[in-house]
> 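Here's a structure for you.
Convention: sequence-line order gives letters A, B, ...; per-chain numbering from 1. Atom set for the values below is all heavy atoms of this structure, side chains included, hydrogens, waters and symmetry mates excluded.
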There are 2 protein chains.
Amino acid sequence: MSQRSGRVDSRRTDTRERAVTVALELFARQGYTATSLREIAERLGVTKAALYFHFRTKEEILTAILRGYLDGVTTLVEAAEGPDELIRGFAAHQRQWGIDLVLLVWQNYTEIQDLPIGAEIRQTMRSLVDTLAPAGADPAQRLRVRIALSTFQIAAVTALVEDDDDEASLREAALGLSLELLRGADPGTREGTTTEA
Amino acid sequence: MSQRSGRVDSRRTDTRERAVTVALELFARQGYTATSLREIAERLGVTKAALYFHFRTKEEILTAILRGYLDGVTTLVEAAEGPDELIRGFAAHQRQWGIDLVLLVWQNYTEIQDLPIGAEIRQTMRSLVDTLAPAGADPAQRLRVRIALSTFQIAAVTALVEDDDDEASLREAALGLSLELLRGADPGTREGTTTEA
DNA sequence: GTCTATATTCTGATAGAC
DNA sequence: GTCTATCAGAATATAGAC
């Protein structure tokens, strides 16, 4: 963004984008710390020094990956008009970003949590729970919502481990379970869009 | 075990046990790869070389931690007389081993999965699901069981992130949700101990 | 059982040429 | 934008004295 000149530069390469893609896969499958810049660079067919032209630190690569995903979630939360619509939007979002992103966030949260974007992720997830949980929900109800959200991640990981299971049907089952859990979070009224408390 | 002489050796130290405890905490909080042997040794007040007397590799420390936990789960599965009893036993087991073990397995699964004990963990978890799910359960029902099992882990992590929530009540809520999910896995008969299919 | 000392390899990161 | 060359530090692991 800050390095684009506006017009199409003939010398422009796609190394940065490719680096983000490759890093996502390697970070997800091997872990952030266990993946070296040398490894990423080799996959891209460039040197480590070339990577340092695009990113100032290794952490910046990780942050770049998470940025797009997180902004998507924020947009979802802000645009949501009701719990059911939001959970469906979240399901689609998780699907769109794929198993590697899910793995990346879960398996490397230890490293992510200390980064600036880690605080953003916590905040976004909390607003997601806030939006999905009834106003004034107790911790048990909020836990229910958190489990409803984790459903898609568990399904994605299950599809990876149990390779004989059909991923698409697992996703569908996850959505059903998620909605079921969500409805249980508020045994009373859950028809209108209770945006106001 | 293999190095004990039977009688109480006055020169015997508890470095190995202490190393396992310290490593569990550091691996859980910082990640397996991000934690160095130097760090573990410093915490113990010994040198790296002393650690290598007790463990041949870094992976062996990780394996030693997971061994006790995993054997406990196996024992639970073999002794189980019914789904409800098993899930309660699993809940108690998770509680007993604490948040650090839960974090360790989840946050470092990328590294664990390639170890020999990683295969054991997968197998044990599968037998756990097998025992909890009705015979002939479809993937969707098995997913439900997996989510029921994840409940305790999500509760533990939630207690860590949301430090104003009461951990004990979260655990209680998790057990209730887990049982609720489990009952939904088989809408039909779930009274007798259907050990035979 | 624990130590000092060391071997070897890799890490993230920088300088400067092209 | 990418390269070669290099840095300082840290990693796992081993050898051998005590």
> Compare side-chain N and O positions of Arg38(B) against OP1 and OP2 of dA11(D) and report whether any pair is under 4.0 Å apart.
yes
> What is the distance, to the nearest angstrom, from the CG atom on Leu44(B) to the P atom on dG1(C)?
15 Å
> Let's see if you get this right: which residues in residues 55-66 of chain A place a heavy atom under 4.0 Å from DNA chain D?
none
> Could you run through nucleotides 2-9 of chain D and give me one letter per nucleotide, 5' to 3': B if any protein heavy atom sits under 4.0 Å from the base, S if only the sugar-phosphate is that close, - if neither?
BBB-----
> Check the surroundings of atom CD in Glu85(B): do more than 12 heavy atoms from other residues, nucleotides or ligands lie under 6.0 Å from it?
yes
> How far apart are the closest heavy atoms of Leu86(B) and Leu76(B), and which atoms are they?
CD1-O, 3.7 Å
> Any residue in residues 21-36 of chain B with a heavy atom nearer than 4.0 angstrom to DNA chain D? Just list them by number, or reply none.
Thr35(B), Ser36(B)
> Counting only heavy atoms not in Glu42(A), do more than 12 sit closer than 6.0 Å to its CD atom?
yes
> Is it true that atom CD of Glu172(B) has more than 12 heavy atoms of other residues, nucleotides or ligands lying nearer than 6.0 Å?
no
> With Tyr69(A), which residues qualify under side-chain hydrogen bond (donor to acceptor under 3.5 Å, both in side chains), at least two apart?
Gln94(A)
> In this structure, would Ile65(B) and Val102(B) fall into the same cluster of hydrophobic residues linked by side-chain contacts under 4.5 Å?
no
> Restricting to side-chain hydrogen bond (donor to acceptor under 3.5 Å, both in side chains), what partner residues turn up for Arg95(A), sequence neighbours left out?
none
> Roughly how far, to the nearest 0.5 Å, is the CD atom of Glu120(B) from the CE atom of Met125(B)?
12.0 Å
> Taking the six-membered ring of Tyr32(A) as reference, does the cationic atom of Lys58(A) (NZ for Lys, CZ for Arg) lie under 6.0 Å from its centre and within 45° of its axis?
yes
> Would you check if the side chain of Asn108(B) reaches a backbone N or O of Phe27(B) as a donor-acceptor pair within less than 3.5 Å?
yes
> If you take all heavy atoms of Glu162(A) and Arg142(B), which pair is closest and at what distance?
OE1-NH2, 4.3 Å
> For the helix from dG1(C)-dC18(D) to dC18(C)-dG1(D), figure out the bend between the end axes, five pairs an end, and round to 10 degrees.
10°
> To the nearest Å, give me how far apart OH (Tyr52(A)) and P (dA13(C)) are.
3 Å
> Please report, rounded to the nearest Å, how far the P atom of dG12(C) is from the CD1 atom of Ile40(A).
8 Å
> Taking all non-hydrogen atoms of both residues, which atom of Thr57(A) and which atom of Tyr52(A) are closest, and how far apart?
CA-CE2, 4.3 Å
> Once you round to the nearest 0.5 Å, how far does CG of Leu128(A) lie from CD1 of Ile87(A)?
7.0 Å
